[in-house]
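Residue numbers start from 1 in every chain, and the chains themselves are labelled A, B, ... in the order their sequence lines are given, proteins ahead of strands. Here the structure is a predicted model, which means the values were calculated and not measured.
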Amino acid sequence: MLDVKLLRDDLAQVKERMATRGAAIDWDEFVAVDRERRDALASIERLKEKKNRLSGEIGKLKKSGVDASALMRETEEVSEAIRTGEAPLTEIEARFENFMLTLPNLPSPNVKIGKSEHDNREVRRWGEPPKFDFEPQNHWDIGENLAILDFERAAKIAGARFTVYRGAGARLERALINFMLDLHIGENGYQEMLPPALVNRAALVGTGQLPKFEEDLFHLAPGDYFLIPTAEVPLTNLHRDEILELESLPIKYVAYTPCFRSEAGSYGKDVRGLIRQHQFNKVEMVKLTEPENSYDELEAMVRNAEEVLQRLKLPYRVVELCTGDMGFGAAMTYDLEVWLPGQNTYREISSCSNCEEFQARRANIRYRKENKGKPLFVHTLNGSGLAVGRTFVAVLENYQQKDGSVIIPEALRPYMGGLTQIS
RNA sequence: GGAGAGAUGGCCGAGUGGUCUAAGGCGCACGCCUGCUAAGCGUGUGUACCCCAAAAGGGUACCGAGGGUUCAAAUCCCUCUCUCUCCGCCA
């Protein structure tokens with residue numbers, strides 16, 4: 001959520017920066033609703049002030065035994081006026097809130113302006129795509145031939161966009177999770193968390209998935225719970241409605257969770273394989289920082305994610321998303337794209353964003369800089385460290401051998417009971 | 001699932017219809033006193049929103065959440081959420 005004062009004081013600047021996202025926003029609607037809301041609020045508050053004053057007088061009269069029935073009749077009329085004025089005010093406030101909650105974040109001023117992913121800026125590359133003396137296969141063929149992935153039976157028990165990991169495949173997925181967690185908690189200074197995979201509406205409003213993107217989520221009927229689309233949601237919301245101690249910042253969390261996405265509207269995209277599943281595993285990093293450090297912390301977070309790929313010796317590139325390609329809540333985003341020989345292209349495997357105050361405002365996460373000072377909003381950051389299923393894909397495709405087997409990256413062998421190859 | 005108890009400010013805790021403008025304490029900030037990291041004394045100490053060009057100032061709301069009764073609700077009634085105790089069930 002943006003600071004409404006910024007919209008009022010410098011709407012021209014906000015319009016201009018928001019336009020770089022390519023978002024169509026009805027600013028006239030905002031101006032009208034904001035005006036309406038303040039007028040209605042002011043008039044209701046004047047009536048309430050009158051009611052409070054009269055009630056106080058009635059109390060005094062009654063105490064001294066004087067008849068107060070005239071004043072009571074007058075107060076009743078004021079109360080009636082308040083009741084009739086409150087219905088439209090509630091409606092206006094709902095419209096105002098909906099506008100504010102569906103407005104995306106402002107891109108950071110130094111983010112490149114662009115329309116789509118084609119305008120993204122490549123920041124750096126690491127590693128060389130492997131050369132094969134045979135035609136490299138897709139991961140789903142490798143996985144099915146090795147009998148470590150079973151899409152067909154997953155479809156039988158669940159449906160499309162699910163998979164069953166089998167045997168060494170299941171163990172490889174688990175090895176990746178443990179490897180990533182150990183790296184982030186051991187050397188990168190994150191605290192390991194294991195949050196619920198179900199959250200309430202308030203949490204999803206806090207991080208920005210609701211109210212605008214409900215159709216992307218799985219909703220559970222009894223209890224009004226949602227399956228998390230990313231651990232960013234529970235981790236960031238841990239400190240909702242809290243005022244944090246300055247000394248506690250930066251807070252750095254890492255968590256492995258399954259993630260659930262409806263993928264409504266992505267029919268026909270990545271229909272085969274592990275790339276786009278309804279349920280997938282992810283190790284997620286979340287930071288809460290002071291505003292002045294947040295961009296340094298973003299750089300550090302990207303390096304933390306890169307380190308996973310480097311230790312696995314998987315070639316990748318770092319891309320800075322342009323204004324038109326960034327997600328709803330992000331002020332700036334770096335994507336890590338891993339090389340996939342089976343698709344002969346780089347594919348997203350991590351996304352690291354600084355949301356600045358956007359989520360902190362929604363979730364009301366603040367800190368106090370000085371003992372006397374007003375509470376300020378923290379900056380929130382999140383990044384994959386990494387998407388486990390896609391890392392599994394990258395291992396299979398980059399480490400595949402001519403005979404269809406897959407070498408286990410050295411860094412993972414301790415997590416695989418010393419296994420060096422899946423064949 | 002059944003029975004019961006509870007939820008008040010940064011924290012503890014009092015408060016059963018009208019100066020609650022929420023007592024008292026702790027903590028914190030500022031000041032005073034005191035020749036030594038103590039003790040004491042005084043003052044202050046929430047959040048959000050609205051009015052005002054701004055400041056000063058004023059107003060509204062907030063005692064778990066929502067609704068109701070009433071001229072008036074922390075206080076009475078209803079619903080819900082969460083916490084705790086006991087029972088049942090369960091991994």
B:C33 to B:C52 separation - C1' atoms, rounded to the nearest Å: 43 Å

Could you tell me whether A:Glu152 and A:Lys156 make a salt bridge, using a distance below 4.0 angstrom between a side-chain N and a carboxylate O? no

Salt-bridge present (A:Arg261, A:Glu263; N to O < 4.0 Å): no

Ionic contact status for A:Arg46 with A:Glu49, cut-off 4.0 Å: no

May I ask you to check whether A:His239 and A:Tyr253 place their ring centers less than 6.0 Å from one another? yes

Expressed in whole Å, how much space separates the C1' atoms belonging to B:A22 and B:G15? 8 Å

Paired with B:G10: which nucleotide, if any, by Watson-Crick or G-U wobble criteria at under 3.5 Å for both distances? B:C26

Should B:G40 form a Watson-Crick or G-U wobble pair with both distances under 3.5 Å, which nucleotide is its partner? B:C32

B:G18 C1' sits how many Å from A:Leu54 CG, rounded? 14 Å

Rounded to whole angstrom, note down the C1' distance from B:G9 over to B:C62. 11 Å

In whole angstroms, the gap separating C1' of B:G67 from CD of A:Glu86 amounts to 13 Å

Nucleotides 51-61 of chain B: which of its N/O atoms have a protein N/O under 3.5 Å away?
residue: B:C51; atom: OP1; partner: A:Arg38; partner atom: NE; Å: 3.1
residue: B:G59; atom: N2; partner: A:Glu45; partner atom: OE1; Å: 3.0
residue: B:U60; atom: OP1; partner: A:Asn52; partner atom: ND2; Å: 3.3
residue: B:A61; atom: OP2; partner: A:Asn52; partner atom: ND2; Å: 3.4

With P as the reference atom in both, quote the distance from B:G67 to B:A73 in angstrom, rounded to an integer. 14 Å

Which is more 5' along RNA chain B, the nucleotide nearest A:Lys5 or the one nearest A:Lys60? Just name the residue. A:Lys60

Just to be sure I understand the rule, does A:Arg361 reach a base, reach only the sugar-phosphate, or reach nothing, if contact means heavy atoms closer than 4.0 Å? nothing

Rounded to whole angstrom units, what separation is found between the CZ atom of A:Arg83 and the C1' atom of B:C71? 11 Å

For B:C89 versus B:G1, give the span between their C1' atoms, rounded off to a whole number of Å. 8 Å

Centroid-centroid under 6.0 Å between A:Phe328 and A:Phe358 rings: yes

Heavy-atom nearest nucleotide on RNA chain B taken for A:Asp34 and for A:Gly59; more 5' hit belongs to A:Gly59

Atom CE of A:Met1 and atom P of B:A48 are separated, to the nearest Å, by 12 Å

Electrostatic pair A:Glu91:A:Arg95 at N-O distance under 4.0 angstrom: yes

Does the structure show a Watson-Crick or G-U wobble partner for B:C20, both distances under 3.5 Å? Name it, or say none. none

Select base, sugar-phosphate, or nothing to describe what A:Ser79 touches, counting heavy atoms under 4.0 Å on all strands. sugar-phosphate

In whole Å, what separates the C1' atom of B:U79 from that of B:A91? 32 Å

Searching all strands shown, indicate the nucleotide that pairs with B:G1 (Watson-Crick or G-U wobble; both distances under 3.5 Å). B:C87

Please measure how far the C1' atom in B:G13 lies from the corresponding atom in B:G17, and state the result in whole Å. 23 Å

If pairing means Watson-Crick or G-U wobble with both distances under 3.5 Å, then the partner of B:A65 is B:U79

Would you mind checking if A:Asp270 and A:Arg347 are paired as a salt bridge, meaning a charged N to carboxylate O distance below 4.0 Å? yes

What's A:Leu41 touching, base or sugar-phosphate or nothing? Going by heavy atoms closer than 4.0 Å. sugar-phosphate

Nucleotide forming a Watson-Crick or wobble pair with B:A56, both distances under 3.5 Å: none

Quick one: A:Glu80 CD to B:U70 P, roughly how many Å, whole number? 12 Å

Between A:Asp224 and A:Arg201 (salt bridge meaning N to carboxylate O under 4.0 Å), is one present in this structure? yes

Check this one for me: any side-chain N or O of A:Thr75 less than 4.0 Å away from OP1 or OP2 of B:A72? no

Using the C1' atom in both, what is the distance from B:U43 to B:G68, to the nearest Å? 43 Å

What I want to find out is whether A:Glu76 reaches A:Arg83 closely enough, with some N-O distance under 4.0 Å, to be called a salt bridge. yes

